[in-house]
Amino acid sequence: MNILLLADAFDSLTQRVYAELGDHGHTVVVEQVPHRADVGGIVGRHRPELILAPVLTAAVPREVWSAYPCLMVHPGPVGDRGPSSLDRAVHEGVRQWGVTVFQAAEEMGAGDVWAAVTCQVPAVAKSDLYRNEIADAALEAVRLAVERVASGTYIPVPREAVAQAPPYFRQELRRIDWESDPTGTVLRKLRAADSRPGVLDTLLGEEWYLHGGHFEDRLRGRPGELLATRAGAVCRATADGAVWIPQLRRRSGPGELPGLKLPATLALGDRLPRVPEVTAPLDLADDRCTWTDIRYREDGRTGFLRFSFPGGAMSTTHCRRLLAAYRYARSRPVSVLVLGGGRDFFSNGIHLNVIEAAADPAEESWANINAMDDLVHAVLTTTDRLVVAALGGNAAAGGVMLALAADEVWCRAGVVLNPHYRLMGLYGSEYWTYSLPRRVGAGTAERLMDDALPVSAVAAERIGLVDRVVDSAPGEFGAQVAALAVHLADTPAARARIAAKKAEREQDEARKPLAAHREEELARMRAVLHDRAAPYHARRRAFVRKEPAGRGRRPVGAPGIGGK
């Protein structure tokens with residue numbers, strides 16, 4: 001079918017719908033719908049067989065939904081309505097939720113139901129839930145709905161009496177009472193607003209949005225008091241315990257630029273009181289329940305270096321800390337080393353928010369890119385063991401290249417990869433000119449970079465971008481990867497591959513040294529970073545400040561990669 005996707009933004013769910021429908025043979029085009037856009041005019045340019053709105057807050061006009069099959073995707077079960085569905089689900093601690101695909105109608109959310117799929121709700125943050133269990137359910141519902149539309153025989157189920165949609169989940173409903181709210185309640189409030197909008201709160205006499213929340217098992221203090229810092233996060237006392245808050249965003253005043261979501265200690269800066277930096281060991285004991293963004297453990301001859309940074313963004317500091325942890329892991333007597341394995345983002349490359357907040361964004365960009373390069377170089381030059389990159393969540397730009405530096409790349413089936421830099425106005429680094437053609441060939445590497453389109457895990461495996469697709473639920477990926485990696489470490493084939501690695505790396509180095517790849521990539525990057533008129537600076541600013549893109553985005557598909 002010729003399918004038009006209408007969306008507020010080309011977000012992770014829209015990208016996955018686009019990529020996976022393309023994998024199933026459909027011709028898919030995406031249009032971002034700006035505020036007050038002429039939806040009828042947009043649709044008229046394409047004249048699709050089906051309109052699908054994975055993430056659309058604007059109402060679809062009657063002239064559109066009366067002329068075309070027009071399906072809306074709602075992140076809630078049948079009967080649920082309103083703009084804050086997932087926020088309420090996480091805030092209230094529900095155990096089961098779902099996704100509904102319904103026909104657009106005069107009243108928002110009142111159309112006939114084409115498909116509905118339920119899912120479990122683990123105790124995770126809203127954005128993690130959205131990219132994993134909700135996205136899995138959404139894709140199942142979307143595929144079913146598209147098949148039913150294509151059949152021409154399916155009759156959608158009429159909605160029963162539609163209840164009034166609850167209002168937007170305002171900040172007063174999210175507010176934390178530090179004196180009386182128990183830790184579980186505080187965590188639900190924080191997790192229900194983790195990525196956006198955050199929980200508005202007063203901290204150190206100023207108003208901040210709090211982003212993210214994690215349990216702390218030992219530290220205690222006066223409710224609301226800052227107790228400690230760790231790796232950029234702050235620990236704050238609750239009525240009966242404490243929580244870690246990784247990121248803060250200052251509330252901006254009238255006429256001010258929107259605040260940036262930043263590591264909490266960086267956001268606070270000189271405002272931060274003298275509290276201890278309470279580090280966590282890499283090999284944190286299993287009986288501890290506290291937050292840390294980098295962990296290491298071993299199982300026989302297999303090492304597991306797991307990391308998880310908010311939004312998948314890796315600042316200069318993140319990269320250097322992860323490099324130090326990687327060097328430690330590389331010193332251990334293991335034959336297989338697994339990078340990643342968590343359920344959410346693997347990595348999205350450099351930290352644009354930290355860069356934007358820097359006194360000199362060009363210099364911070366340069367430092368961040370070089371720190372990413374140092375980390376990738378360490379992985380590429382590991383020749384005494386096999387390295388597996390395990391992607392339980394999405395990856396983009398330098399994060400994809402970090403994964404490609406490993407010997408094998410394993411992805412959960414729902415992962416979406418964006419192996420390109422062009423949309424941010426960058427040439428790219430992280431040794432991509434070595435790693436990407438080595439895996440997929442020069443022609444496909446060029447298409448991936450030029451088309452700048454998302455690639456599903458299945459399509460990535462088909463073209464050689466990844467080696468294994470693991471069909472698992474989000475919460476089961478880590479355990480499946482662990483079992484596979486332990487088995488790999490015990491095989492004779494692994495020992496043979498390790499023996500061959502050093503020779504292969506030496507042959508590649510003789511053909512073209514890694515230093516030459518880095519020098520050429522960084523020369524291109526340096527020219528962009530220090531050109532104030534280069535698109536990178538305006539695009540970065542628009543991205544982190546959530547400024548309007550100004551026009552729709554129309555991916556046209558990429559035959560042989562993911563689209564049709």
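Predicted, not measured: the structure shown is a model, and the values here were computed from it. Computed from heavy atoms alone, side chains included, the values below leave out hydrogens, waters and symmetry copies.
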Which residues pass the ring-ring contact (aromatic ring centres under 6.0 Å, His included) test with [X], not counting sequence neighbours?
X	result
Trp114	Tyr154
Tyr427	Trp432
Phe169	His91
Phe102	none

Would a distance-only check, ignoring hydrogens and angles, find a side-chain to backbone donor-acceptor pair under 3.5 Å from [X] to [Y]?
X	Y	value
His351	Ala313	no
His211	Ser195	yes
Asp467	Val409	yes
Thr100	Gly76	yes
Gln171	Leu200	yes
Ser429	Glu521	no

Closest heavy-atom contact between [X] and [Y]?
X	Y	result
Pro454	Val416	CB-CG1, 3.6 Å
Ala145	Val101	CB-CG1, 3.8 Å
Asp80	Ser85	OD2-OG, 2.7 Å
Glu133	Pro122	OE2-CG, 3.5 Å
Asn348	Ala395	OD1-C, 3.7 Å
Phe346	Gly399	CE2-O, 3.5 Å

So, taking the atom named [atom1] in [X] and the one named [atom2] in [Y], what distance separates them when rounded to the nearest 0.5 Å?
X	Y	atom1	atom2	value
Leu417	Leu391	CG	CG	6.5 Å
Ser347	Met314	OG	CE	4.5 Å
His420	Leu426	NE2	CG	12.0 Å
Leu402	Leu339	CG	CG	6.5 Å
Leu139	His24	CG	NE2	9.0 Å
Leu210	Gln247	CG	CD	11.5 Å

Check this for me: does any side-chain nitrogen of one of [X] and [Y] sit under 4.0 Å from a carboxylate oxygen of the other?
X	Y	value
Asp23	Arg16	no
Arg468	Glu408	no
Arg45	Glu31	yes
Glu107	Arg81	yes
Glu172	Arg170	yes

[Y] and [X], any side-chain heavy atoms less than 4.5 Å apart:
X	Y	value
Pro166	Arg88	yes
Ile463	Arg439	no
His46	Asn2	no
Leu4	Leu52	no
Val99	Thr118	no
Tyr18	Phe10	yes
Leu6	Gln32	no
Val388	Leu488	yes

Exercise. Partners of Ala413 by side-chain contact (heavy atoms from CB on, under 4.5 Å), sequence neighbours excluded?
Worked result: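 With neighbours one apart ignored, the set is Val469, Asp471.
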
For this session: List for me each residue that meets salt bridge (Lys or Arg N to Asp or Glu O under 4.0 Å) alongside Arg541, sequence neighbours excluded, and say none if there are none.
Result: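 Salt bridge (Lys or Arg N to Asp or Glu O under 4.0 Å) list for Arg541, sorted by chain: Glu356.
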
For this session: Answer yes or no for Arg249 and Tyr209: cation-pi contact, defined as NZ/CZ to six-membered ring centre under 6.0 Å and angle to ring axis within 45°.
Result: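 That pair qualifies as a cation-pi contact.
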
For this session: Tell me whether the guanidinium CZ or amine NZ of Arg540 lies under 6.0 angstrom from the six-membered ring centre of Phe543 and within 45° of its axis.
Result: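 No; the conditions do not both hold, so Arg540 does not lie above the ring face of Phe543.
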
Problem set entry | With Arg131, the side-chain hydrogen bond (donor to acceptor under 3.5 Å, both in side chains) member among Asn394, Asp11, Asp344, Asp136 |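 So the option named by the test is Asp344.
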
Only pairs under 3.5 Å count here: list side-chain donor-acceptor contacts from residues 302-312, not counting sequence neighbours, and write none if there are none.
from   : atom 1 : to     : atom 2 : distance (Å)
Arg306 : NH2    : Gly341 : O      : 3.1

Using the side chain to side chain donor-acceptor pair (under 3.5 Å) criterion, which residues pair with [X]? Sequence neighbours excluded.
X	result
Arg191	none
Asp194	Ser127
Glu63	none

For this session: Assess whether side-chain contact (heavy atoms from CB on, under 4.5 Å) is satisfied between Met401 and Tyr421, documenting all intermediate values.
Result: CA-CA 11 Å; Met401 305 314 159; Tyr421 305 83; 3.1 Å; yes

Exercise. If you count the non-hydrogen atoms of other residues, nucleotides and ligands that lie under 6.0 Å from CZ in Arg196, is the total more than 12?
Worked result: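 Open.
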
For this session: Output every pair passing salt bridge (Lys or Arg N to Asp or Glu O under 4.0 Å) with a member in residues 108-130, not counting sequence neighbours, ordered by first then second residue.
Result: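 Sorted result for residues 108-130: Asp87-Lys126, Asp128-Arg343.
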
Exercise. So Cys411 and Val470, side-chain contact (heavy atoms from CB on, under 4.5 Å) or not? Walk me through it.
Worked result: CA-CA 6 Å; Cys411 286; Val470 179; over 6 Å; no

Problem set entry | Pairs touching residues 476-487 that satisfy side chain to side chain donor-acceptor pair (under 3.5 Å), sequence neighbours left out |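 For residues 476-487, and leaving out neighbouring residues, there are no side chain to side chain donor-acceptor pair (under 3.5 Å) pairs at all.
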
For this session: Could you check Asn353 against Lys261 for side-chain contact (heavy atoms from CB on, under 4.5 Å), going step by step and ending with a plain yes or no?
Result: CA-CA 7 Å; Asn353 285 37; Lys261 187 170 26 174; 3.9 Å; yes

For this session: Would you please test Leu484 and Trp410 for side-chain contact (heavy atoms from CB on, under 4.5 Å) and show each step?
Result: CA-CA 10 Å; Leu484 290 167; Trp410 301 349; 3.7 Å; yes

For this session: Evaluate the salt bridge (charged side-chain N to carboxylate O under 4.0 Å, His left out) criterion for residues Arg188 and Glu92: first the C-alpha distance (whole Å), next the side-chain angles of each, then the deciding distance (0.1 Å), finally the verdict.
Result: CA-CA 7 Å; Arg188 285 199 302 274; Glu92 295 169 6; over 6 Å; no

